[in-house]
2 protein chains.
Amino acid sequence: MLSVSGIRTAALALVDRDGLEGLSMRRLAQELDVQAASLYSHYRTKEDLLADIANETMAEVDVSGFDTGDWRRGLTVWARSYRAALAAHPNLVPVIAAGPGRREAALRRADAVHGGLVAAGWPARHATMIGASTKYLVVGAAMNSFARGFDADVQVYRDRYPNLSQAHRLSEHAAEIDNDSFELALSAFLDGLDQTFAGLNPR
Amino acid sequence: MLSVSGIRTAALALVDRDGLEGLSMRRLAQELDVQAASLYSHYRTKEDLLADIANETMAEVDVSGFDTGDWRRGLTVWARSYRAALAAHPNLVPVIAAGPGRREAALRRADAVHGGLVAAGWPARHATMIGASTKYLVVGAAMNSFARGFDADVQVYRDRYPNLSQAHRLSEHAAEIDNDSFELALSAFLDGLDQTFAGLNPR
DNA sequence: TCAAAAACCGAACACCGTTAGGTAAACGTA
DNA sequence: TACGTTTACCTAACGGTGTTCGGTTTTTGA
């Protein structure tokens with residue numbers, strides 16, 4: 001018999017394997033040896049199903065780093081685990097990024113981040129903005145790896161765009177570049193925040 | 001009679017008005033007093049059409065700030081104009097973010113950014129990562145405004161999540177918060193890069 | 001054991017992107 | 001101006017999509 005969690009698992013597997021376009025209610029049903037209409041006994045709509053698997057994917061995100069009162073550590077742990085969760089299911093990134101953060105768990109995490117920053121000495125408004133900024137970084141980085149921008153045939157721009165002809169852009173190294181870029185962005189961002197923080201809490 | 005630019009304009013208007021899902025070949029054709037099949041005399045596919053309007057939207061992006069050799073200014077001008085271009089057509093952001101950067105103009109811009117950074121004294125590998133990082137920030141910020149995360153009914157979390165109960169989250173101020181967050185992220189990131197740069201080019 | 005509830009199915013609806021083939025209009029050339 | 005050719009457009013259809021309706025089957029719980 002079908003179960004919500006069984007459908008969820010199969011749907012996530014299908015998205016991971018065949019991409020977002022690869023997930024249709026009929027194909028998912030087929031995977032479960034069932035007719036498409038049966039799925040609607042468990043999910044009201046396809047969007048609901050997508051929101052659910054997006055939700056599950058986000059469960060790995062870790063906001064415990066704020067517990068010690070070290071905001072820099074809290075942000076780092078949060079951002080890295082956030083990015084890791086997205087990278088684990090790249091085909092799902094657009095759904096997660098587009099989905100409204102209305103879900104219970106998402107609100108709880110947002111609250112924890114905000115609270116952690118305020119507890120560490122940031123003004124509330126800054127806490128809001130820092131939370132948003134960090135999310136920008138994570139989501140932007142994940143979208144980029146989803147897009148797989150510069151692909152196979154480097155020949156196209158090898159000669160025409162001299163500045164891009166470095167090995168750096170070769171897609172074999174794309175994952176490494178992505179990771180290093182993210183770490184650079186995160187640490188530069190945090191370094192900049194350090195200065196701001198020092199300016200706000202002099203002495 | 002139909003024309004490529006006429007179709008492009010009508011499609012963009014339709015996306016702006018009704019969102020991405022609102023654009024179908026049949027509806028677009030109706031808007032132009034024509035049958036859907038006629039559109040295929042001018043565009044090989046719907047994806048081509050989307051890529052084209054995405055392309056047009058990105059034409060506003062300005063990489064001229066690198067001309068003076070001031071990398072910080074170059075990045076700032078680039079990032080702001082990039083973000084502005086995306087914000088002008090929020091419904092199109094997923095398309096632009098997902099679309100591979102295979103288009104001529106996109107490559108030219110990427111080359112200009114990379115070249116500008118290298119000319120200003122950054123090592124090639126850093127230039128690559130900084131370009132990517134900046135893009136993360138811009139795309140992440142744009143995706144966020146596309147998603148319109150925390151919406152209307154604040155009541156839901158008003159009492160339950162004390163840290164989020166600030167006026168900051170009210171959706172009337174969402175655009176302002178978005179903008180301030182982006183500017184904070186950008187300047188913190190650039191401040192952090194300043195330190196890195198000083199470490200690389202001592203004295 | 002048996003009624004009530006839940007799960008599943010077959011068929012259909014309205015929509016989608018796209019194509020094949022035919023007709024009408026616009027064009028270039030003699 | 002006349003005519004052949006190319007191009008633009010249309011009608012109709014194909015295979016796919018998400019979703020709903022009504023009926024049948026299975027599971028549940030008293």
Side-chain angles (χ1 to χ4, degrees), chain A residues 1-56 89 91-100 102-103 147, chain B residues 1-56 89 91-100 102-103 147:
Chain A
M1 205 176 87
L2 287 183
S3 74
V4 167
S5 79
I7 297 174
R8 196 200 295 128
T9 303
L12 187 51
L14 200 52
V15 169
D16 283 343
R17 174 152 59 82
D18 298 343
L20 253 188
E21 336 269 74
L23 174 69
S24 84
M25 297 306 265
R26 282 173 175 85
R27 301 228 283 206
L28 175 57
Q30 192 174 340
E31 208 86 6
L32 293 160
D33 281 314
V34 121
Q35 295 299 113
S38 306
L39 299 171
Y40 290 84
S41 299
H42 304 269
Y43 283 101
R44 216 172 48 75
T45 189
K46 186 188 181 183
E47 271 193 46
D48 276 17
L49 169 57
L50 280 172
D52 196 25
I53 68 183
N55 213 22
E56 191 193 21
H89 304 281
N91 296 333
L92 206 59
V93 170
V95 175
I96 298 176
R102 311 270 295 99
R103 298 166 308 245
Chain B
M1 207 176 85
L2 287 183
S3 73
V4 166
S5 79
I7 297 174
R8 196 199 296 127
T9 303
L12 188 50
L14 199 53
V15 169
D16 283 344
R17 174 153 58 81
D18 298 342
L20 254 187
E21 336 269 75
L23 174 68
S24 82
M25 298 305 266
R26 282 174 175 87
R27 301 229 283 207
L28 175 57
Q30 191 174 341
E31 208 85 6
L32 293 161
D33 280 314
V34 120
Q35 294 299 113
S38 306
L39 300 171
Y40 289 85
S41 299
H42 304 267
Y43 283 102
R44 215 173 47 76
T45 188
K46 186 188 179 182
E47 269 192 46
D48 277 16
L49 169 57
L50 279 173
D52 196 25
I53 67 182
N55 215 21
E56 191 193 21
H89 304 281
N91 295 334
L92 205 60
V93 170
V95 175
I96 298 175
R102 311 272 294 95
R103 299 166 308 247

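Proteins get letters first, then strands, A, B, ... in listed order; numbering begins at 1 in each.
One interatomic measurement links the two molecules: OH of A/Tyr40 to P of C/dC9, which rounds to 15 Å at whole-angstrom precision. Atom C1' of nucleotide C/dT18 and atom CG of B/Leu49 are separated by 14 Å, given to the nearest angstrom. Rounding to whole angstrom units, CD of residue B/Gln30 and P of C/dG17 are separated by 13 Å. If you take NZ of B/Lys46 and P of D/dT17, they are 15 Å apart, rounded to a whole angstrom. Taking atom CG of residue B/Leu2 and atom P of nucleotide C/dA26, one finds them 13 Å apart after rounding to whole Å. Distance, B/Asp18 CG to C/dC15 P: 15 Å, rounded to whole Å. In this structure, the CG atom of B/Leu28 is 15 Å from the C1' atom of C/dT18, given to the nearest Å. To the nearest angstrom, C1' of C/dG17 lies 13 Å from CG of B/Asp48.
Residue A/Arg26 has its side chain nearest to D/dG18 when only C/dG17, C/dC9, D/dG18 are considered. Listed nucleotides: D/dT20, C/dC16, C/dC8. Nearest to the side chain of A/Ala37: D/dT20. Residue A/Ser24 has its side chain nearest to D/dG18 when only C/dC9, D/dG18, D/dT11 are considered.
When the side-chain nitrogen and oxygen atoms of B/Thr45 are compared with OP1 and OP2 of C/dT18, one or more of them lie within a distance under 4.0 Å. Note on B/Ser41: every side-chain N or O is 4.0 Å or more away from OP1 and OP2 of D/dC9. Between B/Gln35 and D/dC9 there is no side-chain N or O to OP1 or OP2 distance below 4.0 Å. Listed pair A/His42 / C/dC8 meets the phosphate criterion, a side-chain N or O lying under 4.0 Å from OP1 or OP2. Distances shorter than 4.0 Å separate some side-chain N or O of B/Ser38 from OP1 or OP2 on D/dC10.
Taking CD1 from A/Ile7 and CG from A/Leu2, the interatomic distance works out to 4.5 Å, rounded to the nearest 0.5 Å. Interatomic distance, CG of B/Leu92 versus CG of B/Leu50, reported as 7.0 Å (0.5 Å rounding). Distance check, rounded to the nearest 0.5 Å: CG of A/Leu28 to OG of A/Ser38 gives 11.0 Å.
When all heavy atoms are compared, the tightest approach of A/Glu21 to A/Arg27 is O-NH2, 4.5 Å.
Each of B/Glu21 and A/Met1 was assigned the nucleotide of DNA chain C with the nearest heavy atom; the assignment lying further toward the 5' end belongs to A/Met1.
Judged purely by atom type and a 3.5 angstrom limit, A/Thr45 has no side-chain atom pairing as donor or acceptor with the backbone of A/Asp48.
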